[in-house]
Amino acid sequence: MNSLNGRGESNRLIPIINDAGSESTAGGGYNFKQMLIVMKFGGTSVGSAERISQAAALVAAAIEQHHRVVVVTSAMSKVTNSLIDAAQSAAKGEWSPDIRQQMLDRHRRVADAVTSDAGRRDTAMAEVERRLDRFEKLCVGVSMVHELTPRILDAISGTGEMLAAPLLAAAIAARGPVSSPVDATEVIVTTDQFGGAEPLMAETRARMAARLRPMLDRGEVPVVTGFIGATTDGVLTTLGRGGSDYSASIVGAALDADEIWIWTDVDGVMTANPSEVPSARTLAQISYSEASELAYYGAKVLHYKTILPAFRQRIPVRILNSFNPAHPGTRVSVEGDASALGVKAVTSIRSVSLIAISGTGMQGIPGIVAKAFDVVAEQQANVLMISQASSENNICFVISSAEAPRVVKALRTALDLELSRGHIEEIAAAPVAIVAAIGDRMRGTPGIAATVFGALGSEGVNVIAISQGSSERNISLAVADADAGRAVSALHAAFQLERVR
Ligand code: ADP
Ligand code: ASP
Ligand code: MG
């Protein structure tokens, strides 16, 4: 543990990128561009005192290389889940101060380990206690009224990042650079869609310039809380689960950063989820569109909204492993990997449901599709995949299982007339998984669909519905949830994605 406060040799580890985008390791001279880098650390990368010290070492190494760094931090691993569980228990009238105490103890142990400076530690812990007091008050309030609104849930679930930021700032400061925590509620201005707020970029840009630029000009390292923002009236919002990646991209875009580095627990974006396909391999280069498709179709390594703010300003995004920082990871850019062929990666989305509207009498009745999608839009459900048989006897689409019951209910109400006249026989929801094969250069590569169906056929996987985006960057398939793992592995093998090419 005593190496945690030292400066160590971490600067040998960080991948350093010169102007032309080629890589060398730091310490090899200063003939590279000095950049403004946004570094985001995910939950496992700040999950313990050791991890926070490692994150701080990575930041300090970049500062030693004369880069300027803005940090975006997630909550320590599992903290957000515990906060949400506490809020949900409170809504049932159950509140126990134990949870506050456990959080306090965990964060205090980290503060003790990452800095030996008593003043710095006390400042960080005062901040942590202030946040936990507020969390407790909110939970007690919820337990009294037995009601948890999306707005209060955001106020509670967004606490975790505010607990982590002071500790990471203290750990960075222990290594030399001046560093302080910044609440994203001060700098990221959002809409009031609680649980999935969107940034208002003009306001955000102005706030970032006013709050962070002076810090950067003084050579300080701001540690911004990921996941959260606030409305123009200052009400705390969250950007959605896993949203700290999105925060990093928003911060990068608002500050015109040179690069955005997402530090996580795997060696970059891989050909499949490595915990599902052990032979999965890191993709060295991918395009913005491939990264978006992969994230949208279930590659949890990036929140699905992350790419857009970076793409709009063509800011390169790197996905790096804080547990293996010498690995160059994945670079996301406009060009991607021009030499790659066909399918690059296979993903899956679980906990989704196929909604099917079917009936032989639907043929030739205009407007059913329009009505159905109006309902989906009203319910603010996110459609992941759509497929319609050419016979018009069946329309089906896939949405999150959490949204399925209310969407089916609303569809039955809106299409009541068609149901009673027998034009529609059934509106039903069935749990499925989506499996997607993704790659920019699938377009114009013949035989991909044949390989997909051949591979799934020989595995005995039944395909319930299929859809191919008009961009031809992906083929997505609905399969039974129990078949999803086998389907992903079969496609990974059929396209030989484990092979370096
Ligand atoms: P963080 O806490 O750093 O945000 P996440 O758990 O959100 O990390 O995302 C990283 C995880 O994403 C990996 O540990 C891996 O299990 C999962 N994952 C899913 N698909 C992929 C993929 N295609 N490439 C890399 N990781 C993936
Ligand atoms: N802490 C948040 C979550 O667990 C955001 C994030 O980690 O990206 O969803
Ligand atoms: Mg994540």
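Remember, it's 1-based here, ligands and their atoms both numbered in the order they're listed.
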What residue and heavy atom of the protein are closest to atom 14 (O) of ligand 1, and at what distance?
D265 OD1, 2.8 Å
Any idea which protein heavy atom is nearest atom 6 (C) of ligand 2, and the distance to it?
S244 OG, 3.3 Å
Does Y288 have R312 sitting over its ring (NZ/CZ under 6.0 Å from centre, angle to axis within 45°)?
no
Taking the non-hydrogen atoms of [X], is any one of them nearer than 4.0 angstrom to ligand 1?
X	answer
S77	no
H303	no
A272	yes
P274	yes
S275	yes

Below 4.0 Å from any atom of ligand 2, is there a heavy atom belonging to G243?
yes
Taking a cutoff of less than 4.0 Å between a non-hydrogen atom of the residue and any ligand atom, is G226 in contact with ligand 2?
no
For D133, enumerate each residue passing the salt bridge (Lys or Arg N to Asp or Glu O under 4.0 Å) test, keeping only those at least two apart in sequence or located in another chain.
R100
Is ligand 1 under 4.0 Å from a heavy atom in the side chain of R281, in the backbone, in both, or in neither?
neither
Of the backbone atoms (N, CA, C, O) and the side-chain heavy atoms from C-beta on, which set of V266 has a member under 4.0 Å from an atom of ligand 1: side chain, backbone, both, or neither?
side chain
Distance filter under 4.0 Å to S74 heavy atoms, resulting ligand 2 atoms
6 (C), 7 (O), 8 (O)
Heavy-atom distances under 4.0 Å decide this one: backbone, side chain, both or neither, for E161 against ligand 2?
side chain
Counting heavy atoms only, which of L283, I438, T271, N273 is nearest atom 21 (C) of ligand 1?
N273
Considering both backbone and side-chain atoms of R241, is one of its nitrogen or oxygen atoms within less than 3.5 Å of a nitrogen or oxygen in ligand 2?
yes
Report yes if some N/O of G242 lies less than 3.5 Å from some N/O of ligand 2; otherwise report no.
yes
Geometry only, no angles: is M270 polar-contacting ligand 1 at N/O separations under 3.5 Å?
yes
Have N474 and S476 got a donor and an acceptor in their side chains that come within less than 3.5 Å?
yes
